[in-house]
*Asks:* 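This structure is in C-alpha cells; I'll ask about it shortly.
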Amino acid sequence: MKRYWLMKCEPDAYTIDDLKRDGHTSWEGVRNYQARNMMRDDMQVGDAVLFYASNADPSGVTGLAKVVRAGYPEPRQAKPEWYMVDIGFVSRFADVVSLETLKATKGLEKMVVTQKGSRLSVQPATKSEYDIIVRLGRAKA
DNA sequence: GCCAACGTTGGC
DNA sequence: GCCAACGTTGGC
C-alpha cells in the first residue's frame, strides 16, 4: 500500500533543486523519535513525498520526491539509533505552494504542517492531500 | 531577529 | 515520575 509523506528541510541545508541535480539523496540527520520511527518502520520504496522548504521565503511545498530506499541506520553509529531513508527526485514545482496557500485550501485543514506549532520534520499525509497539492503545483506551472 | 511552541534533559 | 530549565524549530 503506497503511502504519502511530507518532509521538511531548510533551504540552507538542501533544496528541491539540489535534489534535481543529485537525482537522489540520503535523508540524514533527523533527530526526532517520531520522525525516526516513521522512517524506520513505515516508509517504503515507492511512497510519495511532498518536499517542503521550511524557514523559507515563503515556506511551502517546492516539489515532489519518492522513497527509493526504505529505512536503514545512519552509518558510523556504534548502535543503530538513528535511521534515514533515501529519496529520489520526481518533479519541481514552477512556483512554491506556500504554507499560506496550504492553510487556505479546502481539504488540507488536517495536515500536520498546517497545524500551529507543528515541528515534525517527517509527517504522514493522505492521498487526497497529496493529490490536491500536486494540482496546486501544476496549476501554478 | 524575535519569540511561541515544542521536545529533551536532568535534578530531585 | 514530575517538572523546570534548556535547546531547537520554524513562522512571521
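Worth saying up front: this structure is predicted, and the values here are computed from it rather than measured. To find a chain, count down the sequence lines: A is the first, B the second, and so on, and within it residues start at 1.
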*Asks:* Looking at A/E100, I'd like to know if its CD atom is crowded, meaning that more than 12 non-hydrogen atoms belonging to other residues, nucleotides or ligands lie closer than 6.0 Å.
*Replies:*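 Atom CD in A/E100 is not packed in, count stays at 12 or less.
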
*Asks:* Measure the distance from CG on A/L99 to C1' on C/dT9 and round it to the nearest whole Å.
*Replies:*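 Distance, rounded to whole Å: 14 Å.
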
*Asks:* Which nucleotide in the set B/dG7, C/dG10, C/dC12 lies at the smallest distance from any side-chain heavy atom of A/K8?
*Replies:*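 For the A/K8 side chain, the nearest candidate turns out to be C/dG10.
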
*Asks:* Grab the CG-C1' distance between A/L120 and C/dT9 for me, whole Å please.
*Replies:*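 After rounding, the reported distance stands at 11 Å.
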
*Asks:* Can you find an N or O donor on one side and an acceptor on the other, under 3.5 Å apart, linking the side chain of A/R31 with the base of C/dT8?
*Replies:*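 Answer is no: no donor-acceptor pair is held.
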
*Asks:* What integer distance in Å separates A/Y52:OH from C/dG10:C1'?
*Replies:*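 From A/Y52 OH to C/dG10 C1': 8 Å.
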
*Asks:* Respond yes when some side-chain nitrogen or oxygen of A/K116 is under 4.0 Å from OP1 or OP2 of B/dA5, and no when none is.
*Replies:*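 Answer yes for this pair, as a side-chain N or O of A/K116 is under 4.0 Å from OP1 or OP2.
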
*Asks:* Taking atom P of B/dG1 as reference, at what distance in whole Å does atom CG of A/D57 sit?
*Replies:*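 Whole-Å distance recorded here is 15 Å.
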
*Asks:* Can you tell me the distance, in whole Å, between the CD atom of A/Q115 and the P atom of B/dG7?
*Replies:*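 Computing the A/Q115:CD to B/dG7:P distance gives 13 Å.
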
*Asks:* Counting just side-chain N and O atoms, does A/Y33 come under 4.0 Å of either OP1 or OP2 of B/dT9?
*Replies:*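 Answer is no, no contact under 4.0 Å.
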
*Asks:* Just verifying a value: how many Å separate A/Y52 OH and A/K8 NZ, rounded to the nearest 0.5 Å?
*Replies:*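 A/Y52 OH to A/K8 NZ: 6.0 Å, rounded to 0.5 Å.
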
*Asks:* How long is the line joining CG of A/D12 and P of C/dG11, in whole Å?
*Replies:*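 To the nearest whole Å, that distance equals 13 Å.
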
*Asks:* If you find the nucleotide of DNA chain B closest to A/N55 and the one closest to A/R119, which residue's nucleotide is nearer the 5' end?
*Replies:*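 Per heavy-atom nearest nucleotide, the more 5' residue is A/N55.
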
*Asks:* Write down the distance between CG (A/L102) and P (C/dG10), rounded to a whole number of angstrom.
*Replies:*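 Distance, rounded to whole Å: 15 Å.
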
*Asks:* Verify the distance criterion only: is there a donor paired with an acceptor across the side chains of A/W5 and A/D47 at less than 3.5 Å?
*Replies:*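 Note: A/W5 and A/D47 side chains meet the donor-acceptor criterion.
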
*Asks:* Does C/dG10 have OP1 or OP2 sitting under 4.0 Å from an N or O in the side chain of A/S59?
*Replies:*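 So the side chain of A/S59 is outside the cut-off, no N or O lying under 4.0 Å from OP1 or OP2 of C/dG10.
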
*Asks:* Can you tell me how far P of C/dT8 sits from CD of A/E10, to the nearest Å?
*Replies:*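 Those two atoms, CD and P, are 12 Å apart.
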
*Asks:* Check whether A/Y72 forms a cation-pi arrangement with A/R69 (NZ or CZ under 6.0 Å from the six-membered ring centre, at most 45° off the ring normal).
*Replies:*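 Yes; both conditions hold, so A/R69 lies above the ring face of A/Y72.
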
*Asks:* Between A/W27 and A/F51, what is the ring plane arrangement, given parallel below 30°, perpendicular above 60°, and tilted in between?
*Replies:*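 Judged by the thresholds at 30° and 60°, the geometry between A/W27 and A/F51 is perpendicular.
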
